[in-house]
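Positions are given from 1, in the same order as the sequence printed here. For the numbers below, each heavy atom of this structure counts, side chains included, while hydrogens, waters and symmetry mates do not.
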Amino acid sequence: MTQNLVLLLFAICRLISTVGLTLEPAELLQLDVEGQVSLDPSDVGRASVDFGGMTRAEPMAVMRPASAGDVASLVRAAYGSAQGFPVSARGHGHSIDGQAQAPGGVVIEMSQYGRAAGHRARPRPVYSPSLGEYYVDVWGGELWIDILNWTLENGGLAPKSWTDYLYLSVGGTLSNAGISGQAFHHGPQISNVYELDVVTGMGEILTCSEEENSELFYGVLGGLGQFGIITRARIALEPAPRRVRWIRVLYSNFTTFTRDQEHLISLHSAHRSERFDYVEGFVIVDEGLINNWRSSFFSPRNPVKISSIGANGGVLYCLEMTKNYDESTAGLVDQEVEALLTKLEFIPASVFTTDLPYVDFLDRVHKAELKLRAKGMWDVPHPWLNLFVPGSRIADFDHGVFRAILGNKTSGPILIYPMNKHKWDERSSVVTPEEEVFYLVAFLRSALPDSDESTQSLEYLSQQNERILAFCEEAGIQVKQYLPHHLTRADWARHFGPKWGRFRRLKAQFDPKCILGSGQGIFPPSSSPLSSWAFHHTPDTGKEDAMEVGPHDL
């Protein structure tokens, strides 16, 4: 009886999925939209690749929307077509593994908003008495650098939480989490948004917040673009400081390094005079990297050498912190910084400091990007690996990865810094280790095709990433990927753990034809034979049983 019911459901769902219009590429040009739909090979080619440079998948068309209504019209067309076709939102194209690609579908160039229909005025920041804070409403494809410049010009305000690189879209970072050295205090960017407008996989435009459509709101935050396309976000603001004191110190002892980092983030609720405003760090396994683009803070006239520091095993750890200030507090900066530094146990001779405008600090990576572009070293493959590592196992990670797997050569920075889990809202779709303190470890390497060094090839770095993941598996280190990339449904189920059941339910509710975010590889589009398989997670064992059902049951 049960088997017959399942087969009947499967037949009904297949029938539903084949009713509708078959949409040919040229017919997309007839969509009633303000913006533009392009079949131009150059537009299609640009949307076929991303920053990762490791995958290529051609869409049939590219849209430049002029409104949220344009986005909704396109998604409704996909939903109403016979098989459905994939639709992906693309911001600045900084995905690593093709997450914003839409093979055979349509890529929406969200950062092109308004250009198709002329300039559109941005709303000014607003003060909310109920929130006791300022906020600004922004288009989902806006770049954070543009928002920063606008809010500074209109009230001397700035968003609270950042990523290290500002040429990323709001929708892109909110679909993942959005993290940087401010996350220990303010939480990730998804903890600093009040409201969203979202186009679901059925083409509905829904406003959602903690009070309204809350399941969609928290599902979309960190939801990897699976439940809707963010067209508007209400972002929390604060008064922006004028300047930044930027400090870097070095360690040769990993235990001391992480103890000091964890001490600094434990001050998250202290008065601003008694804590730093930003805490990050990075690992140095290659002597040249101390003075590379990520570390250009150090003077080229006085390069730092690992040998001169006396690094234990050829590995150094750099802790970097900032103290924000303006004219009224400038006279206290030296005293406040000194009081905080006296509690740390870094190598005494390794203190480097500089002062710069707040905007210049936030936009520091872009300046490095321009240098790399000038050398032809930016548009290369980027086999990045970002991991959340439980704080209790970070020393094991150091021994097994930094000292054993990496060797003494790498081709990009390796970030490492801790965060406080209670600053992350568990209602969001993001998954983190089940410990109060966990670390981001980010291997931000670049593959250099023309290099004579085999250790800088894409193949070598990709294999090294696999070795790192295999080590964590064998050592029982329960890491979670940030900007996750998994190849099987079972791996995705393990990634989401207890959140997997809700994740599947929200997909069935808000994107039943699996139109959105197919580049993530979590749910195949409804036209794929694989979409007839749903996986049922067993919380106690972590195992899955497969049952043939329709795509609407995913």
Asks: I'd like to know if the side chain of Asp363 and the backbone of Ile145 have a donor-acceptor N/O pair within less than 3.5 Å.
Replies: no

Asks: Assess whether side chain to side chain contact (heavy atoms under 4.5 Å, CB included) is satisfied between Gln261 and Tyr417, documenting all intermediate values.
Replies: CA-CA 7 Å; Gln261 279 195 319; Tyr417 57 91; 3.9 Å; yes

Asks: Does atom CD (Glu195) have a neighbourhood of more than 12 heavy atoms from anything else shown, all under 6.0 Å?
Replies: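 Atom CD in Glu195 is crowded, with more than 12 foreign heavy atoms closer than 6.0 Å.
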
Asks: Which label fits Phe51 and His382: parallel for a plane angle under 30°, tilted from 30 to 60°, or perpendicular past 60°?
Replies: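 Because their plane-to-plane angle is under 30°, the rings of Phe51 and His382 count as parallel.
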
Asks: So Tyr167 and His92, would you call those rings parallel, tilted or perpendicular, with 30° and 60° as cut-offs?
Replies: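 Because their plane-to-plane angle lies in the 30° to 60° range, the rings of Tyr167 and His92 count as tilted.
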
Asks: Please check this pair: side chain of Trp150 against backbone of Pro123, looking for a donor-acceptor N/O pair closer than 3.5 Å.
Replies: yes

Asks: Can you see which heavy atom on Gly178 is nearest to which on Ser161, and at what distance?
Replies: O-OG, 4.3 Å

Asks: Check the pair Thr432, Lys421 against side-chain hydrogen bond (donor to acceptor under 3.5 Å, both in side chains), reporting the backbone distance first and the verdict last.
Replies: CA-CA 8 Å; Thr432 60; Lys421 187 178 179 70; 2.5 Å; yes

Asks: Of all heavy-atom pairs between Ala158 and Thr151, which one has the smallest distance, and what is that distance?
Replies: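 Looks like CA-OG1, 3.7 Å.
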
Asks: Do the side chain of Lys513 and the main chain of Tyr79 share a donor and acceptor less than 3.5 angstrom apart?
Replies: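 Checking the backbone N and O of Tyr79 against the side chain of Lys513, a donor-acceptor pair under 3.5 Å is found.
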
Asks: Look at atom CZ of Phe496 and say whether more than 12 heavy atoms of other residues, nucleotides or ligands are closer to it than 6.0 Å.
Replies: yes

Asks: With ring pair (Phe, Tyr, Trp, His ring centres under 6.0 Å) as the criterion, how do Tyr278 and Phe361 come out once you've worked through the C-alpha distance, each side chain's angles and the decisive distance to 0.1 Å?
Replies: CA-CA 11 Å; Tyr278 160 101; Phe361 171 74; 5.0 Å; yes

Asks: Is a donor on one side and an acceptor on the other found under 3.5 Å between the side chain of Asn386 and the backbone of Ala442?
Replies: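 No: the side chain of Asn386 does not pair with the backbone of Ala442.
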
Asks: Could you tell me whether a side-chain N or O of Ser429 sits under 3.5 Å from a main-chain N or O of Gly219, the two making a donor and an acceptor?
Replies: yes

Asks: So Arg90 and Arg46, side chain to side chain contact (heavy atoms under 4.5 Å, CB included) or not? Walk me through it.
Replies: CA-CA 11 Å; Arg90 173 187 169 102; Arg46 185 173 59 255; 4.3 Å; yes

Asks: Angle between ring planes, Trp492 versus His495, binned at 30° and 60°: parallel, tilted or perpendicular?
Replies: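 Judged by the thresholds at 30° and 60°, the geometry between Trp492 and His495 is perpendicular.
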
Asks: For the ring-ring contact (aromatic ring centres under 6.0 Å, His included) test, which of Phe503, Phe523, Phe510 pairs with Phe227?
Replies: Phe503

Asks: Are Arg489 and Asp491 within salt-bridge range, i.e. N to O under 4.0 Å?
Replies: no

Asks: Under 4.0 Å between a Lys/Arg side-chain N and an Asp/Glu carboxylate O for Glu153 and Arg122?
Replies: no

Asks: I'd like to know whether Trp144 forms a side-chain hydrogen bond (donor to acceptor under 3.5 Å, both in side chains) with Thr173, so could you lay out the CA-CA distance, the side-chain angles of the two residues, the decisive distance to 0.1 Å, and finally the verdict.
Replies: CA-CA 9 Å; Trp144 286 101; Thr173 63; 3.0 Å; yes

Asks: Working to the nearest 0.5 angstrom, can you tell me the gap between Met202 CE and Leu516 CG?
Replies: 10.0 Å

Asks: So, do Val359 and Leu148 sit near enough that their side-chain heavy atoms are less than 4.5 Å apart?
Replies: yes

Asks: Going through the checks in order, is the salt bridge (charged side-chain N to carboxylate O under 4.0 Å, His left out) test met by Glu473 and Arg494?
Replies: CA-CA 12 Å; Glu473 178 78 18; Arg494 280 190 290 271; over 6 Å; no

Asks: Does Thr207 offer a backbone N or O that forms a donor-acceptor pair with the side chain of Asn213 under 3.5 Å?
Replies: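 Side chain of Asn213 to backbone of Thr207, a donor-acceptor pair under 3.5 Å: yes, one is there.
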
Asks: Output yes when a side-chain donor or acceptor of Asn192 lies under 3.5 Å from a complementary backbone atom of Pro188, and no otherwise.
Replies: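 The answer is yes, because a donor-acceptor pair under 3.5 Å joins these two groups.
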
Asks: Could you tell me the separation between the OG1 atom of Thr200 and the CZ atom of Arg76, rounded to the nearest 0.5 Å?
Replies: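 Thr200 atom OG1 to Arg76 atom CZ measures 9.5 Å (nearest 0.5 Å).
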
Asks: By side chain to side chain contact (heavy atoms under 4.5 Å, CB included), which residues pair with Ala475, not counting sequence neighbours?
Replies: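 Counting only residues at least two positions away or on another chain, Ala475 forms a side chain to side chain contact (heavy atoms under 4.5 Å, CB included) with Arg393, Phe471, Ile477.
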
Asks: Look only at the side chain of Ser180 and the backbone of Gln182, and say whether a donor-acceptor pair between them is shorter than 3.5 Å.
Replies: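 No; zero donor-acceptor contacts below 3.5 Å.
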
Asks: Give me the atom names and distance for the closest heavy-atom approach of Gly98 to Asp50.
Replies: N-OD2, 2.8 Å

Asks: Tyr165 vs His94 aromatic rings, parallel, tilted or perpendicular, using cut-offs 30° and 60°?
Replies: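 Geometry flag for His94 against Tyr165: tilted rings.
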
Asks: Does any N or O in the side chain of Asp425 come within less than 3.5 Å of the main-chain N or O of Arg427, such that one atom is a donor and the other an acceptor?
Replies: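 Confirmed, Asp425 side chain pairs with Arg427 backbone.
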
Asks: Would a distance-only check, ignoring hydrogens and angles, find a side-chain to backbone donor-acceptor pair under 3.5 Å from Gln226 to Leu224?
Replies: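 Confirmed, Gln226 side chain pairs with Leu224 backbone.
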
